[in-house]
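All figures in this text were calculated on a predicted structure; none of them were measured in a lab. Residue numbers start from 1 in every chain, and the chains themselves are labelled A, B, ... in the order their sequence lines are given, proteins ahead of strands.
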Amino acid sequence: MDLLGDLYRTHTCGQLRPDHVGQEVVLLGWVHRVRDMGAVIFLDIRDRYGVTQVVTEAEPLLGQAKKLKTEMVVAVLGQVAPRSPETVNDKLDTGQVEVRIGELRVLNDARRPPFGIADESFVAEDTRLRYRYLDLRRQRMQKNLMLRHRLTMGIRRYFDELGFLEIETPILTKSTPEGARDYLVPSRVHPGEFFALPQSPQIFKQILMIGGLDRYFQIVKCFRDEDLRADRQPEFTQVDVEISFASQALVFSLIEPLIAEIFTVGGIEITTPFRTMTYAEAVARYGSDKPDLRFGMEIQDLGAVFADTPFGPVREALASGGVLRGLVVPGGAKISRAEVDKIVAEAIEMGAGGLLWARQTDKGLATSAKAMGEAALTRALEVSGAGTDGLLVMTAGTEAQVSKLLGALRLSLAKRFNLVDPTRFEFLWVVDFPLLDWAEDEQRWVAMHHPFTAPSDADLPRMTEAPGEVTAKAYDLVLNGSEIGGGSIRIHDPEVQRQLFRLLGISDEDAKLRFGFFIDALEYGTPPHGGIALGLDRIVALLAGEPSIRDVIAFPKTAAAVDLMSDAPSTVDARQWKELHLKPLA
RNA sequence: GGGGUCGUAGCUCAGUCGGUUAGAGCGCCGGCCUGUCACGCCGGAGGCCGCGGGUUCGAGCCCCGUCGACCCCGCCA
């Protein structure tokens with residue numbers, strides 16, 4: 001092994017061009033590939049900037065080069081030479097030149113990697129995560145992390161130019177039992193007391209507004225101890241924003257150009273302003289509060305068509321205040337009967353009582369529900385736009401059940417029949433969320449967004465007598481069926497805040513204990529304010545074309561919330577337990 | 001907590017109806033090769049078939065349990 005000494009690279013492995021021909025250069029990097037031809041040997045040297053071919057045919061360099069293995073770390077000193085036209089490699093940025101080795105230093109040996117770095121073929125994710133340091137060398141992860149960097153730089157530049165301040169908020173903070181489960185950190189100094197890691201810097205950013213900081217943003221880690229998904233990690237990054245004297249329209253007008261800029265950096269041109277849809281409309285038409293607008297298949301209410309249907313299950317559902325709704329699978333008139341049965345089976349698996357269907361065939365109307373009457377079904381096919389081409393599927397039940405089911409079915413059918421155009425980026429503001437949601441298990445109201453969200457001005461007077469009907473000044477930013485941001489105009493009137501806590505079943509006394517400092521702060525001249533938080537990981541993943549945010553996070557956790565590389569979480573020794581005044585239950 | 005998919009060589013996978021010696025490609029090791037660039041050619045090594053139990057004359061294959069990865073539901077103010 002050789003010493004690096006004072007050697008520094010003169011160029012990166014992605015830098016050399018015909019202009020450099022004749023120069024003496026130093027490249028430092030990893031052995032990417034070795035092509036040993038006997039009396040001549042080619043090495044590809046790699047760093048994060050690219051790959052450069054180096055070559056030698058003279059002893060003793062030839063002998064030294066033959067001992068190199070992939071992923072060893074080397075220094076190559078040599079002269080840049082042109083390649084003859086027939087040996088130019090168009091696939092490499094540096095492919096018009098090569099370096100003729102003058103001196104070769106081996107800076108470090110490398111064990112054989114468990115998977116190839118040079119070949120980008122599929123490797124199981126657990127293997128990638130266990131050897132993340134090797135996975136990070138691969139082009140896919142390097143590309144994703146470089147994109148992520150460019151986006152965060154763009155975000156900081158954007159906010160800076162508009163006078164926003166990036167201000168850090170505490171990671172060790174106070175547990176506020178509303179919302180997601182907290183990650184807790186026991187206090188050594190205060191036996192039996194705990195810090196919580198922030199689910200978001202919500203209260204702090206509002207206090208920054210009270211503190212007169214006016215325009216705040218932060219690219220910040222948030223922590224939620226809930227189960228994971230492809231787009232959910234226990235620690236994730238938000239672009240957190242708060243603005244004083246803000247209306248919803250103002251927030252939108254500041255965020256839309258930001259999103260446009262982010263996407264430009266990501267290589268996608270988008271148009272603003274974005275569409276807007278109320279929560280109620282989104283749920284009715286798409287069965288979701290984050291509809292994917294890259295395809296149609298809207299949910300349609302067909303209750304009127306079957307108002308006096310003799311078919312029992314539907315008649316009963318309608319009579320008891322329920323609905324009959326359906327959607328049309330385009331081209332579904334031509335799919336096989338077996339395929340139709342699969343759709344029905346899938347709907348039932350999703351929890352539908354049943355799925356009715358109808359379509360026109362060469363032999364006339366075909367349906368799973370003859371009892372609903374040929375005339376009515378034919379009309380339903382017309383009204384729904386199924387015509388002779390589509391397959392109409394329908395289900396009855398309570399509005400909530402039916403929306404949810406058809407929303408899920410819509411997504412799965414679109415996927416199954418390849419109706420989603422992956423090149424489209426369909427943004428949508430979902431607005432007018434309900435302020436509150438009835439938690440059946442707890443038998444109380446819970447905040448749909450969070451307990452600091454302002455009710456709409458019009459509904460404010462009805463907050464106590466009809467809490468379930470009050471809409472909030474809350475909004476989500478949706479892209480292609482994914483929630484990439486959410487925010488609200490906040491309550492700035494301490495009396496309204498107290499009123500809301502009461503509605504949530506939090507007594508004045510309790511509120512004082514949990515949020516007392518915050519309510520106090522509200523009393524001292526709080527400017528009206530509002531903001532938003534964007535899911536950075538999700539945005540990067542969408543732009544990178546990655547199905548999971550794990551692929552845009554350097555060190556993510558598995559679905560079981562474990563870090564396979566470091567093996568966290570882990571046990572700690574008895575002394576640590578004791579210092580923290582903790583004892584195992586078992 | 002529930003449902004689903006997967007687990008075979010270092011990696012990615014195949015393995016028929018349960019049948020006797022478990023395969024391929026890549027990688028790895030050895031040899032040859034003066035213009036390769038996914039170099040090529042010749043040869044070779046490499047297996048707790050995730051783990052535990054069961055059924056069977058016989059299990060990679062069937063059954064039960066368990067562990068792990070992934071996807072979904074619940075959960076995620």
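- Here A/E71 contributes atom CD and A/W30 contributes atom CH2; the two are 8.5 Å apart, rounded to the nearest 0.5 Å.
- Comparing B/rG10 with B/rC49, their C1' atoms sit 16 Å apart, to the nearest whole Å.
- Looking at which nucleotide of RNA chain B each of A/N89 and A/Q202 is closest to, the 5′-most match is held by A/N89.
- In a base pair of the Watson-Crick type (N1 to N3 plus N6-O4 or O6-N4) or a G-U wobble (N1-O2 and O6-N3), with each distance short of 3.5 Å, B/rA24 is matched with B/rU12.
- Within the 4.0 Å cut-off from OP1 or OP2 of B/rU36, not a single side-chain nitrogen or oxygen of A/R35 is found.
- Residue contacts shown for A/V123 are limited to sugar-phosphate atoms, with no base heavy atom under 4.0 Å away.
- Comparing B/rC75, B/rC37, B/rG10 by their nearest atom to the side chain of A/Q53 picks out B/rC37.
- In this structure, A/R410 is positioned above the aromatic face of A/F295, its NZ or CZ under 6.0 Å from the six-membered ring centre and within 45° of the axis.
- Across the protein-nucleic acid pair, A/E442 atom CD and B/rC75 atom C1' stand 12 Å apart, rounded to whole Å.
- One P atom belongs to B/rG50, the other to B/rA14, and the distance between them is 13 Å to the nearest Å.
- Atom CZ in A/R410 sits about 18 Å away from atom C1' in B/rC72, given to the nearest Å.
- Within the model, atoms NZ of A/K221 and CG of A/L197 stand 11.0 Å from one another, a figure rounded to the nearest 0.5 Å.
- Base engagement by A/S200 is indicated by at least one non-hydrogen atom pair under 4.0 Å involving a base atom.
- Taking atom C1' on both B/rG18 and B/rA59, the two are 7 Å apart, rounded to the nearest angstrom.
- For A/R112, the CZ atom counts as densely surrounded, since its 6.0 Å shell holds more than 12 non-hydrogen atoms of other residues, nucleotides or ligands.
- Taking a pair to require two hydrogen-bonding distances under 3.5 Å in either a Watson-Crick or a G-U wobble arrangement, B/rG52 pairs with B/rC64.
- Base contact: A/P451 has a heavy atom under 4.0 Å from a base atom.
- Between A/D227 atom CG and B/rC71 atom C1' there is a gap of 14 Å when expressed in whole angstrom units.
- Residues passing the ring-ring contact (aromatic ring centres under 6.0 Å, His included) test with A/F515 are A/F452, A/F501, sequence neighbours excluded.
- Residue A/R229 places its side chain closer to B/rC73 than to any other of B/rC73, B/rG35, B/rU12.
- Shown here, B/rC57 forms a base pair with B/rG19; the pair counts as Watson-Crick or G-U wobble because both key distances fall under 3.5 Å.
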Identify all pairs in which a protein N or O lies below 3.5 Å from an N or O of nucleotides 28-33 of chain B, and state each distance.
residue: B/rC33; atom: N3; partner: A/D36; partner atom: O; Å: 3.1
residue: B/rC33; atom: N3; partner: A/G38; partner atom: N; Å: 3.4
residue: B/rC33; atom: N4; partner: A/D36; partner atom: O; Å: 3.4
residue: B/rC33; atom: N4; partner: A/D36; partner atom: OD1; Å: 3.3
residue: B/rC33; atom: N4; partner: A/G38; partner atom: N; Å: 3.4

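- With centres under 5.5 Å and a plane angle under 30° as the test, the ring of A/F115 is not stacked against the base of B/rC11.
- The P atoms of B/rC64 and B/rC70 are separated by 25 Å, rounded to the nearest whole Å.
- Distance noted for atom C1' between B/rA9 and B/rG25: 12 Å (whole Å).
- The pair A/R224-A/E226 fails the salt-bridge criterion, with no side-chain N (NZ, NE, NH1 or NH2) lying under 4.0 Å from an Asp/Glu carboxylate O.
- B/rG35 atom P lies 16 Å from atom CG of A/L43, rounded to whole Å.
- In this structure B/rU36 sits in no base pair that meets the Watson-Crick or G-U test at under 3.5 Å.
- Annotation: B/rG58 and B/rU21 have their C1' atoms spaced 15 Å apart (nearest Å).
- Counting non-hydrogen atoms under 4.0 angstrom, A/M448 reaches the backbone sugars and phosphates but no base.
- Taking the charged nitrogens against the carboxylate oxygens, A/E120 and A/R128 have no contact shorter than 4.0 Å, which rules out a salt bridge.
- Across all strands, A/E98 comes closer than 4.0 Å to base atoms (heavy-atom distances).
- With sequence neighbours excluded, no residue forms a ring-ring contact (aromatic ring centres under 6.0 Å, His included) with A/H492.
- A side chain to side chain contact (heavy atoms under 4.5 Å, CB included) with A/L500 is found for exactly one of A/I491, A/I506, A/T453, namely A/I491.
- B/rA24 and B/rU8 are spaced 13 Å apart, taking the C1' atom of each and rounding to whole Å.
- With C1' as the reference atom, B/rU12 and B/rG35 are 31 Å apart, rounded to whole Å.
- Atoms CG (A/D231) and C1' (B/rC76) sit 10 Å apart, rounded to a whole Å.
- We find that CG of A/D476 is positioned 13 Å from C1' of B/rC76, with the value rounded to whole Å.
- Scored by the side-chain hydrogen bond (donor to acceptor under 3.5 Å, both in side chains) test, A/T12 finds no partners at all (sequence neighbours excluded).
- Using the Watson-Crick or G-U wobble rule with both distances under 3.5 Å, B/rC41 pairs with B/rG31.
- Pairing for B/rC70 goes to B/rG4, judged as Watson-Crick or G-U wobble with the two contacts each under 3.5 Å.
- Between the side chain of A/R33 and the base of B/rU36, no donor-acceptor pair under 3.5 Å is found.
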List every contact pair, protein side and nucleotides 66-70 of chain B side both N or O, where the distance is under 3.5 Å.
residue: B/rA69; atom: OP1; partner: A/T558; partner atom: OG1; Å: 3.2
residue: B/rC70; atom: OP1; partner: A/A559; partner atom: N; Å: 3.1
residue: B/rC70; atom: OP2; partner: A/A559; partner atom: N; Å: 2.8
residue: B/rC70; atom: O3'; partner: A/R550; partner atom: NH2; Å: 3.0

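- One cannot find a donor-acceptor pair under 3.5 Å joining the base of B/rG10 and the side-chain atoms of A/R111.
- Checking A/R232 against A/V34, the closest nucleotide of RNA chain B that is more toward the 5' end is the one next to A/V34.
- Residue contacts shown for A/D119 are absent, as no nucleic acid heavy atom lies under 4.0 Å away.
- Checked against side-chain contact (heavy atoms from CB on, under 4.5 Å), A/T127 has the following partners two or more places apart in sequence or in another chain: A/F115, A/V123, A/A124, A/Y131.
- The separation between A/F42 atom CZ and B/rU34 atom C1' is 8 Å, rounded to whole Å.
- Under 4.0 Å is where a charged nitrogen must lie from a carboxylate oxygen, and between A/R100 and A/E57 at least one such pair does.
- Between A/Q96 atom CD and B/rC37 atom C1' there is a gap of 15 Å when expressed in whole angstrom units.
- Salt-bridge annotation for A/R232 and A/D227: absent, with no side-chain N of the basic residue lying under 4.0 Å from a carboxylate O of the acidic one.
- Nucleic acid contact class of A/R100 (heavy atoms, under 4.0 Å, all strands): base.
- Phosphate contact (OP1/OP2 of B/rC73, side-chain N/O of A/K404, threshold under 4.0 Å): absent.
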